[in-house]
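So you know, we letter chains A, B, ... as the sequences are listed, proteins then strands, and number each from 1. None of these values were measured; they are calculated from a predicted model.
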Number of protein chains: 2
Amino acid sequence: MSHQLSPEEISPAGVDFLPGLALDFVIFGFHQNQLKILLLEYRNTGLFALPGGFIRQNENLNDAARRVLAERTSLTDIFLEQFYTFGDLARYDVAPMRAIMEAKGITPTDNHWLLRRFVSVGYYALIDFTKAVPIPDSLSDTCTWYELTALPTLIQDHRLIVQKALETLRADLDRNLTGFNQWAAPLLSDIFTMADLQRLYETILGQPLHRSSFQRKMLSLGILERLDKKYSGGAHKAPYLYRFRTNSPVPIK
Amino acid sequence: MSHQLSPEEISPAGVDFLPGLALDFVIFGFHQNQLKILLLEYRNTGLFALPGGFIRQNENLNDAARRVLAERTSLTDIFLEQFYTFGDLARYDVAPMRAIMEAKGITPTDNHWLLRRFVSVGYYALIDFTKAVPIPDSLSDTCTWYELTALPTLIQDHRLIVQKALETLRADLDRNLTGFNQWAAPLLSDIFTMADLQRLYETILGQPLHRSSFQRKMLSLGILERLDKKYSGGAHKAPYLYRFRTNSPVPIK
DNA sequence: GGCTATTGTCTCATTCTGCGACAATAATAA
DNA sequence: TTATTATTGTCGCAGAATGAGACAATAGCC
């Protein structure tokens, strides 16, 4: 986990937060055949971590997740999915966290609350990375998109968390596709072509898909609405445009 | 959540446990076309709850789950699956918990740690209910199997937790089938017929399945080993016996 | 030795999926 | 205006997967 604290909040006991419980985020960013995730970097330490946060005493768990995500991406009303809760003792190595704090000029006592054990609830999101304005938290220096295929070494068990998030994203893509698009900053533009959608799928699944089978499957999901308009782009046949149905039927498994 | 504490542990601050974090269990029990779950009852209160527990300071989350489950069922080495973490504020209504403690002769202070907010990690298991010896925890009076189709009213959000566990159990049944059987107290007896397996599926999924299609599908999963022996049961053709392969291949989705 | 309920397997129709074919077409170039 | 070209929508086919019934084999019972 990591931290959306203001500097004043670091030294006190973090008393406004639920103790020992954190949130970790795997924020997938898609745009034009690229899949990235958002990472924090701690200068002078060479350490990278997933964005994270804590839960306020009077805040729902899922609301806390939405709040922290908004703080990191400046995007509100994001579609978030909880995917696993990580609670191994081994996952929390105090050395990196101590290095991060000392690089910030803080010398924590041995039982500083940030150096204790945390259980962390993992969430993932999928957004258009051109629409986010990444903002580092108070302990980190940069908050940047990294290609999923070229991630730096991450602290703690964050590599495992990314892996599990990716598996869940892939497995539930059909089911969550509408969700990713019905919020403030949709993943695809409001209207899009079948080719746009296919590029999204291919990038996330990491494999090419056959065009006609893909079209057939997408239409059979019943979540798309075909618009009668056409495109004005390249020197070739104009594709139909689509948008996601509101109140789309939930696909039956 | 609920509690595996000894009476002495109730009044102190539960200092050995991670604060604010609990475990809730949906322990499915199967036997001969019956699907039940394990519930605790608190006498003199009419309240029913899922078994639950807490995590020790120096204990892995999943190990804590295994420990508590062993305490409730006397079964060690159980196959457990984490399925969701529940963190709404509304889920923790203090009134039932206070009633439970007062029925036990304890008068908790307003900020007693058991009356504070808990975030709870949900786990489910699936065992043969004839092999468990249910043991109530220190706050409850009985620990009993209840038919899933006739559950009493549960405290807090426990009905929702059961619902979500059942959905996950059904969705992941193929994938976890070997898991449920390769531990100390297997779900099915060591060797079993295809009809036994079909009854298990029909009971869990809550719908009848076609015999020949079911057989074809089960064999195609590649997790069964057919034994050349035969049965000696009724006045009819003897079925083959099966057992689960060790090192069965993971079914590809 | 016949009877009967259950089992293993086969077959057939239907649906789903992978994959290529082909005509339609929209902008550009000639 | 016409030819060119890349891309698109759809169709068709082969193979796989699935639903559903048919039928012979058989193990114990009377």
Distance, rounded to the nearest Å, where [X] contributes [atom1] and [N] contributes [atom2]:
X	N	atom1	atom2	result
A:Tyr240	D:dT7	OH	C1'	14 Å
A:Gln198	D:dG9	CD	P	11 Å
A:Leu221	C:dC16	CG	P	12 Å
A:Met218	D:dG9	CE	C1'	17 Å
A:Tyr201	C:dG18	OH	P	13 Å

Practice item. Could you label the plane-to-plane angle of the A:Tyr201 and A:Phe214 rings as parallel, tilted or perpendicular, counting under 30° as parallel and over 60° as perpendicular? Key: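 Answer is perpendicular, since the angle exceeds 60°.
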
Check your understanding: Is there any salt bridge (charged side-chain N to carboxylate O under 4.0 Å, His left out) pair reaching into residues 142-158 of chain B, and which pairs are they, with sequence neighbours excluded?
Key ->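 Every salt bridge (charged side-chain N to carboxylate O under 4.0 Å, His left out) pair that includes a residue of residues 142-158 of chain B, provided the two are not neighbours, is B:Arg91-B:Asp157.
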
Check your understanding: Less than 6.0 Å separating the ring centroids of A:Phe30 and A:Phe28?
Key ->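 No, the ring centres sit 6.0 Å or more apart.
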
Point to revise | Stretch residues 205-216 of chain B: residues that reach within less than 4.0 Å of DNA chain D through a heavy atom | key: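 Within residues 205-216 of chain B, the residues near DNA chain D are B:His210, B:Arg211, B:Ser212, B:Ser213, B:Arg216.
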
Point to revise | Test side chain to side chain donor-acceptor pair (under 3.5 Å) applied to B:Lys237 - qualifying residues, sequence neighbours left out | key: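 For B:Lys237, no residue satisfies side chain to side chain donor-acceptor pair (under 3.5 Å) once neighbours in sequence are set aside.
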
Review point. Taking side chain as C-beta onward, heavy atoms only, is B:Phe25 less than 4.5 Å from B:Leu23?
Key: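 They are in side-chain contact.
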
Protein and nucleotides 3-5 of chain C: nitrogen or oxygen contacts under 3.5 angstrom:
{"unit_1": "C:dT4", "atom_1": "O2", "unit_2": "B:Ala235", "atom_2": "O", "d": "3.3"}

Review point. Which comes earlier along DNA chain D counting from the 5' end, the contact point of A:Met194 or that of B:Ser220, where each point is its nearest nucleotide?
Key: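 This one resolves to A:Met194.
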
Check your understanding: Of A:Tyr242 and B:Lys217, whose closest DNA chain D nucleotide lies nearer the 5' terminus?
Key ->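 The residue whose closest nucleotide sits nearer the 5' end is A:Tyr242.
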
**Study point:** Six-ring centre of A:Phe129, A:Lys36 cation under 6.0 angstrom, axis tolerance 45°
**Key:**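 Yes; both conditions hold, so A:Lys36 lies above the ring face of A:Phe129.
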
Check your understanding: Quick one: side chain to side chain contact (heavy atoms under 4.5 Å, CB included) partners of B:Arg226, sequence neighbours excluded?
Key ->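 In terms of side chain to side chain contact (heavy atoms under 4.5 Å, CB included), with neighbours along the sequence ignored, B:Arg226 is linked to B:Gln215, B:Leu219, B:Tyr240, B:Tyr242.
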
**Study point:** side chain to side chain contact (heavy atoms under 4.5 Å, CB included) against A:Asn176, all qualifying residues, sequence neighbours excluded
**Key:**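 A:Asn176: side chain to side chain contact (heavy atoms under 4.5 Å, CB included) contacts with A:Phe79, A:Glu81, A:Tyr124, A:Asp172, A:Phe180.
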
